[in-house]
Engineer: 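What follows is a single structure, and I will ask about it in a moment.
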Amino acid sequence: MATTTPSRGRRRAPSRMTRAAGKAAALQKPRVILALLLLLALTSVMLLDGYLRAEVGGDERVRSNASSSKVPDKVLDGGPILSFRGGEAQSQSVPEKTIALTFDDGPNPTWTPQILKILEANDVPGTFFVVGSMVSRYPSIVKDLVNQGNEIGIHTFTHVDLSYQSDDRIAREMDQTQLALAGAAGITTTLFRAPYSSEADAIDNYSWPVYKKLGEEGYTSVFVDTDSDDWKRPGVSKIIKWATPSKSKGASVLFHDAGGERSQTVKALGTYIKKMKAKGYTFTTISGAIQQGNGQDAQAGQNSQQPGSEQGEQREQAGGQAPGGQQDQQGQQPGQTGQLDQSGQAGGVNSLQAAHRTATGTTLYEGKALVAAVAVAEWTVPGLAVGLAVVGVAVMGRFGMMLILARRHYRQRNKRRFSWGPTVTQPVSVIVPAYNEKECIANTLESLAKSTHPIEIIVVDDGSTDDTSQIARDAARSFGMTNVRVIRQENAGKPAALNNGVRSASYDIVVMMDGDTVFEPDAVHQLVQPFADPEVGAVAGNAKVGNRNTIIGAWQHIEYVMGFNLDRRMYDLLRCMPTIPGAIGAFRRDAVLEVGGMSEDTLAEDTDITIAMHRGGWRVVYQEHARAWTEAPASLKQLWSQRYRWSYGTMQALWKHRKSLTDKGPSGRFGRVGMPLVVIFQIITPVFAPLIDVFTAYSMIFIDFKAALLAWLAVLGIQLVCAAYAFRLDREKYRYLLMMPLQQLAYRQMMYLVLIHSCITALTGGRLRWQKLKRTGEVGTPAGVS
């Protein structure tokens, strides 16, 4: 054993390191929070979109055949317009020879504009009872509807039967619809029609308290007395027939401008209007019908004020109030900002829109914010859905390609006749960079002592503050190793330690490993055989997790076997291997020096040097039979730190070598094939992958639990097949695959957050220091873990 004078690397003053560490720590927390906030924001957008589509908070229950014993007879037998003045129920009918056209369930981007054109062409107004969620999605239609002189009423926000809902839910349904109207058209309204309602005599003991409560808040509830039943799509002639009032009666007529296919409604409407006009009918809004009724009542009241008139006496006793006279009696209504003037105008609104109130102040701004948020959701969610579908197809395609190419790689490399060329027997140099590896360095040297291939061992102590160097020397003596050199250098980082080892190497082939890794006896021999091919410049070995008996270790074991080694088989055949693992890799010494050695430009020096080898025109291959056992992070915190560094370092390396995209010839193969694959499958698709899981959870909870669960299980099944095949190729025990479902639910999400965190760091120009993981030394010789 020999000890050489240390080769001086770049000195890092402790004070600078301390300051850098403190600054890095201060910057990482905000970036983690930003990553979580980004995922939370996208989740919120999805929930908002689901709420608008009644997938979140939807309630399809509809009450029927309930008793109406608590409902006053005068309401059950009264007209279709119900108001509460002074807490007393007042019913009103549409005047004779008058029709109030009403439309439910809109607005709809297909049918509502067509209906508006027909109304405008026939100079007829309508009263549209709109669903708040639809208003939020199609605000421009609502604005056109109001500007044309039509009237708006509330049909709840999510089209639920309010008789099943709590007082808080009822208030939300009304308030949110008012906000949507304020944001879309700058108005609020006092008209209300309950979903699934029909004629007034259908009010029951459950819905009656709802109408009373809303009436006390100033709402006028509107029913129908003539139903076209157009939702049944019975044909144009029947729609017209069913919408025609009997004799000369006035009517509140129900049509629909949404909720399904409404082409028959559109065809019937124009003909119906012409037919009713020919019969002498006039058309008005609900407010217009109320005003006409009030006018008739007022005239009747004047006539009845003659001396001795019994009707006049009753009027006087009733305080002179006329049924339905709420517009000029009640004052402020929900969202109201102005009173009716003497001409019947409300805030400058047409008299046929007397239920409208101009939205101002907080209501207006909150409404605009709601409409803006919905617009974001309307664009974001469908875009994400398409993007995730593309990602899903790409990922499934990658799985298929991995299986095909991995099988081909295995068969090719395990044929009896396969050979890289003459057996490589010359000695090689094994470089072991070490920083505070007192727990592991003895095990590492013990495994190398059993190597079946002639080697020299160069331990480069990168300024350790523990007894790493002395333990290495003592271990070499105890194992009778005379081929070990321990080089001490001031702390300069792993790349500098590796470069020091390369410069100090005695042989043309150098093997690089980590100070916490143990090699199988034939690992070095297997690793260097591909160098029989003069085109090969570097070889990736088969790194395995030694401490796999914990949950975190088992998860990483699955990842190493499936995610790393199966990938490497594919990349090997495509000749675009992106990374030689730091735990076990071999290089031609001259090739390393030719490309400038191990670079300190990135935190992923293994990826950096691998891409540099490709660009230097060298071939990089995978040797599955060269196995090494490494100690994986044992805690979530250490795992996060390691993967954060890997992920960020990979991005740095890809950016550094971005010009490989334009390289020509063999040196450009990585840029043409490897770079796109790594960017797509190691950065882009994983960034979107959390949203796939969010969509899956969303679908399970709010849409179709069974279908979503089956889809998730199908994807898990495909991954299990891939993993099982990878385990078979590596001759691993299948029992660890029992942890895979839990890995998908927990571990995979963490990896996604790490990647998002790394992307944010890269986009914000952050810098990341090398992060030393705490080692336990529990990975001993290979015999102890196999």
Engineer: Can you confirm whether Ile99 sits close enough to Thr226 that some side-chain heavy atom of one is under 4.5 Å from a side-chain heavy atom of the other?
Structural biologist: no

Engineer: Are Arg169 and Thr158 linked by a side-chain donor-acceptor pair shorter than 3.5 Å?
Structural biologist: yes

Engineer: Could you pull out the closest heavy-atom pair between Glu151 and Ile286, with the gap in Å?
Structural biologist: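 Of all heavy-atom pairs spanning Glu151 and Ile286, the closest is OE1-N, 3.3 Å.
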
Engineer: Can any side-chain N or O of Glu366 pair as donor or acceptor with the backbone N or O of Leu179 at less than 3.5 Å?
Structural biologist: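 Not at all, since once roles are kept as given, no pair shorter than 3.5 Å links the two residues.
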
Engineer: Taking the side chain as everything from C-beta on, heavy atoms only, tell me whether Leu269 gets closer than 4.5 Å to Leu119.
Structural biologist: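 They are in side-chain contact.
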
Engineer: So, Glu216 and Lys212, do they make that salt bridge, N to O below 4.0 Å?
Structural biologist: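 Here Glu216 does not pair with Lys212 in a salt bridge, since their nearest N and O are not under 4.0 Å apart.
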
Engineer: Considering only residues two or more places apart or on different chains, which pairs with a residue in residues 103-142 satisfy ring pair (Phe, Tyr, Trp, His ring centres under 6.0 Å)?
Structural biologist: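 Counting only pairs at least two positions apart or across chains, the ring pair (Phe, Tyr, Trp, His ring centres under 6.0 Å) contacts touching residues 103-142 are Phe103-Phe128, Phe103-Phe255.
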
Engineer: Checking side-chain polar atoms at under 3.5 Å, does Asp168 have a donor or acceptor matched by the opposite partner on Ser166?
Structural biologist: no

Engineer: Does Asp77, at its CG atom, have more than 12 non-hydrogen atoms belonging to other residues, nucleotides or ligands within less than 6.0 Å?
Structural biologist: yes

Engineer: Got a sec: does the OH of Tyr206 have more than 12 other heavy atoms crowding it under 6.0 Å?
Structural biologist: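 Count not over threshold, so no.
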
Engineer: May I ask you to check whether Ser207 and Arg63 show a side-chain donor-acceptor distance below 3.5 Å?
Structural biologist: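 Judged by distance alone, the side chains do not pair up.
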
Engineer: Identify all side-chain donor-acceptor contacts of residues 233-249 below 3.5 Å with residues at least two apart in sequence or on another chain.
Structural biologist:
unit_1: Arg233; atom_1: NE; unit_2: Glu261; atom_2: OE1; d: 3.3
unit_1: Arg233; atom_1: NH2; unit_2: Glu261; atom_2: OE1; d: 3.2
unit_1: Thr244; atom_1: OG1; unit_2: Ile240; atom_2: O; d: 2.7

Engineer: Quick one: are Tyr196 and His159 in side-chain contact, heavy atoms under 4.5 Å?
Structural biologist: yes

Engineer: Establish, from distance only, whether the side-chain atoms of Asn205 and Ser69 form a donor-acceptor pair under 3.5 Å.
Structural biologist: yes

Engineer: Give me the atom names and distance for the closest heavy-atom approach of Gly79 to Ala200.
Structural biologist: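 Looking at all heavy atoms of both residues, the closest pair is O-CB, 3.8 Å.
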
Engineer: Restricting to non-hydrogen atoms, name the atom on Ile141 and the atom on Asn108 that form the minimum distance, rounded to 0.1 Å.
Structural biologist: CD1-O, 3.8 Å

Engineer: Looking only at non-hydrogen atoms, find the nearest pair between Leu82 and Ala89 and report the distance.
Structural biologist: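 Here Leu82 and Ala89 meet closest at CD1-CB, 4.1 Å.
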
Engineer: Side-chain contact test, heavy atoms from C-beta onward, threshold under 4.5 Å: evaluate it for Lys275 versus Tyr281 and give yes or no.
Structural biologist: no

Engineer: Tell me whether the count of non-hydrogen atoms from other residues, nucleotides or ligands lying under 6.0 Å of NZ in Lys368 goes above 12.
Structural biologist: no

Engineer: Looking only at atom types and distance, does a side-chain atom of Arg357 sit under 3.5 Å from a main-chain N or O of Thr188, one as donor and one as acceptor?
Structural biologist: no

Engineer: Using the ring-ring contact (aromatic ring centres under 6.0 Å, His included) criterion, which residues pair with Phe223? Sequence neighbours excluded.
Structural biologist: Tyr211

Engineer: For the pair Thr177 (side chain) and Asp175 (backbone), establish whether a donor and an acceptor sit closer than 3.5 Å, ignoring hydrogens and angles.
Structural biologist: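 Looks like no, no N/O pair under 3.5 Å.
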
Engineer: Given side chains that start at C-beta, do those of His155 and Val130 come closer than 4.5 Å, heavy atoms only?
Structural biologist: no

Engineer: Identify the heavy atoms of Ala185 and Val146 that sit nearest to each other, and give their distance.
Structural biologist: CB-CG2, 4.0 Å

Engineer: Nearest heavy-atom pair of Leu76 and Ile203: which atoms, and what distance?
Structural biologist: CD2-O, 3.7 Å

